Amino acid sequence: MRPSHVLLAVLVAAVWGVNFVVIEIGLGHFPPLLFSALRFLVAAVPAVFLVGRPKVAWKWIVGVGLALGVAKFGLLFVGMDAGMPAGLSSLVLQIQAVFTALFAFLLLGERPARVRLVGMTVALAGIGVAAVDEGASGPLGAFALVVAAAACWGVSNVLTRRAAPADALNFMVWVSTVPVLPLLALSLILEGPSRDLEALGALDLSGAGALLYVAWGATVFGFGAWGWLLRRHPASTVAPFSLLVPVFGMSSAALFLGEPVSPLRWCAAVLLVGGVALASFGGRDRRAGRDVETGTGAGAGGETNGPGGDTRGSGDQVAASAGPGAGPADGREPVAPNR
């Protein structure tokens with residue numbers, strides 16, 4: 001990669017990592033479900049009028065929109081609003097790589113290679129250490145919500161692989177149109193119209209800035225730049241940069257929010273990131289008695305994924321609020337939604 005392309009990849013990872021801090025700031029201005037709905041509304045409009053017609057069937061757009069936009073981001077925002085730290089959230093979401101491999105095995109018949117199984121085991125050990133650390137200092141219920149968000153991200157990754165969109169940005173913009181009404185309805189039911197109206201009436205520059213960052217910075221810019229890089233370089237070259245997301249997430253949360261990073265949390269980070277790296281990049285999966293070429297990716301707050309088809313493996317991931325992810329190394333463009 002050219003130095004300028006390397007810098008762009010690092011910039012996208014930084015934007016996705018810092019996105020968790022911005023979400024934390026935004027949650028101080030909006031109820032979580034309303035904030036998530038507004039994020040997708042601002043990401044979709046006016047971009048939906050500029051990217052052209054959808055290039056995949058609507059069933060995939062709706063499926064990914066519900067799994068990623070409503071379930072994954074709804075749970076993430078609610079979990080963070082309930083007390084899950086921003087830095088730890090950026091780390092725990094990486095367990096989506098394990099859920100993606102599990103759902104690919106159950107739904108697509110892909111059997112992970114041994115090295116991937118080792119990576120998944122290491123990553124799960126990292127989640128266990130993170131849970132012990134959070135149990136000693138924070139609400140385990142909020143921790144569980146973010147783990148559930150990662151599971152929903154895994155579902156959306158498998159759906160995205162089946163959709164195999166040719167244009168990551170076009171797909172993500174149209175996917176962003178789906179969650180708006182369901183999230184608004186859930187917000188009105190669970191958070192109440194008075195709370196929503198109060199938040200909108202009290203909107204200030206800080207709240208508006210947070211909303212614009214998560215919508216245009218993490219989603220539109222992040223997806224667009226990541227897809228641009230994946231059109232020019234193999235996925236195996238681009239995807240490793242996504243592992244920088246929790247590094248930027250944890251460090252920016254410590255710097256801007258004063259979140260402590262305990263020795264246990266550093267241990268969890270090493271285990272989780274190392275395990276995800278093994279699960280994403282190691283070996284070949286097998287499917288129906290044959291090898292399956294695999295790509296890589298990990299998003300956060302952002303998301304990574306490769307298009308589907310019979311040539312993809314379970315290491316593929318979508319990156320969403322924040323981020324697109326790895327696609328196949330043959331030059332086809334993958335999709336990636338972070339956060």
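Residue numbers start at 1 and run along the sequence shown. Everything numeric here is computed off the predicted structure, so don't read it as measured data.
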Measure the spacing between [atom1] of [X] and [atom2] of [Y] and express it to the nearest 0.5 Å.
X	Y	atom1	atom2	result
W153	L68	CH2	CG	8.0 Å
M250	L88	CE	CG	7.0 Å
Q96	C152	CD	SG	12.0 Å
R162	W60	CZ	CH2	5.5 Å
L8	F241	CG	CZ	10.0 Å
L243	L272	CG	CG	10.0 Å

Checking the side chain of [X] only, and the main-chain atoms of [Y] only, is there a donor and an acceptor separated by less than 3.5 Å?
X	Y	result
Q94	S90	yes
E259	A86	yes
S187	L183	no
S36	L33	no

Check the pair V18, Y213 against side chain to side chain contact (heavy atoms under 4.5 Å, CB included), reporting the backbone distance first and the verdict last. CA-CA 10 Å; V18 173; Y213 184 98; 3.7 Å; yes
Is there a path from [X] to [Y] through hydrophobic residues (I, L, V, M, F, W, Y) whose side chains come within less than 4.5 Å of each other?
X	Y	answer
F221	F248	yes
M1	L244	yes
L91	L255	no
L184	L186	yes
V146	V21	no

Less than 4.5 Å apart, side chain to side chain, heavy atoms only: is that true for [X] and [Y]?
X	Y	answer
F143	V147	yes
T219	V214	no
N170	P165	no
F40	V178	no
V273	P246	yes

Can you name the nearest heavy-atom pair linking [X] to [Y], along with the distance?
X	Y	answer
G154	T100	CA-OG1, 3.5 Å
V276	A123	N-CB, 4.1 Å
P31	A199	CD-CB, 3.7 Å
A268	G126	CB-O, 3.4 Å
L278	G119	CB-CA, 3.5 Å
I61	F171	CG1-CE1, 4.1 Å

Side-chain donor-acceptor contacts of residues 200-209 below 3.5 Å, not counting sequence neighbours, with atom names and distances?
residue: D204; atom: OD1; partner: H29; partner atom: ND1; Å: 3.3
residue: D204; atom: OD1; partner: S206; partner atom: N; Å: 3.3
residue: D204; atom: OD1; partner: G207; partner atom: N; Å: 2.9
residue: S206; atom: OG; partner: H29; partner atom: NE2; Å: 3.1

Can the positive tip of R39 be found less than 6.0 Å from the middle of the six-membered ring of F73, inside 45° of the ring normal?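 That pair qualifies as a cation-pi contact.
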According to the interplanar angle, ranging from 0 to 90°, do the rings of F103 and F99 count as parallel (below 30°), tilted (30 to 60°) or perpendicular (above 60°)?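 Taking F99 first and then F103, their aromatic rings lie parallel (interplane angle under 30°).
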Take a 6.0 Å sphere around CH2 of W58 and say whether it holds more than 12 heavy atoms from other residues, nucleotides or ligands.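 Enclosed.
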Applying side chain to side chain contact (heavy atoms under 4.5 Å, CB included), run through V98 and L102 and close with a yes or a no. CA-CA 6 Å; V98 175; L102 174 62; 5.5 Å; no
May I have the step-by-step check of side chain to side chain contact (heavy atoms under 4.5 Å, CB included) for V15 and W226, ending in yes or no? CA-CA 11 Å; V15 167; W226 199 258; over 6 Å; no
One pair to check against side chain to side chain contact (heavy atoms under 4.5 Å, CB included): L93 and K72. What are the steps and the verdict? CA-CA 10 Å; L93 272 182; K72 184 255 184 174; 4.2 Å; yes
Holding to ring pair (Phe, Tyr, Trp, His ring centres under 6.0 Å), I want the full list of residues that pass it with F30, two or more places apart in sequence or in another chain.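 With neighbours one apart ignored, the set is F35.
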Check E110 with R161, please: is the shortest side-chain N to carboxylate O separation under 4.0 Å?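 Judged by the 4.0 Å cut-off on N to carboxylate O distance, R161 and E110 do form a salt bridge.
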Hey, can you pull the donor-acceptor pairs under 3.5 Å for the side chains in residues 41-55, sequence neighbours left out?
residue: K55; atom: NZ; partner: D167; partner atom: OD2; Å: 3.4

So that I know where these two stand, are W228 and H5 an aromatic pair - ring centroids less than 6.0 Å apart?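 Under 6.0 Å, so yes.
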The single option from V92, L76, L145 passing side chain to side chain contact (heavy atoms under 4.5 Å, CB included) against M84: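 Only one of V92, L76, L145 forms a side chain to side chain contact (heavy atoms under 4.5 Å, CB included) with M84, namely V92.
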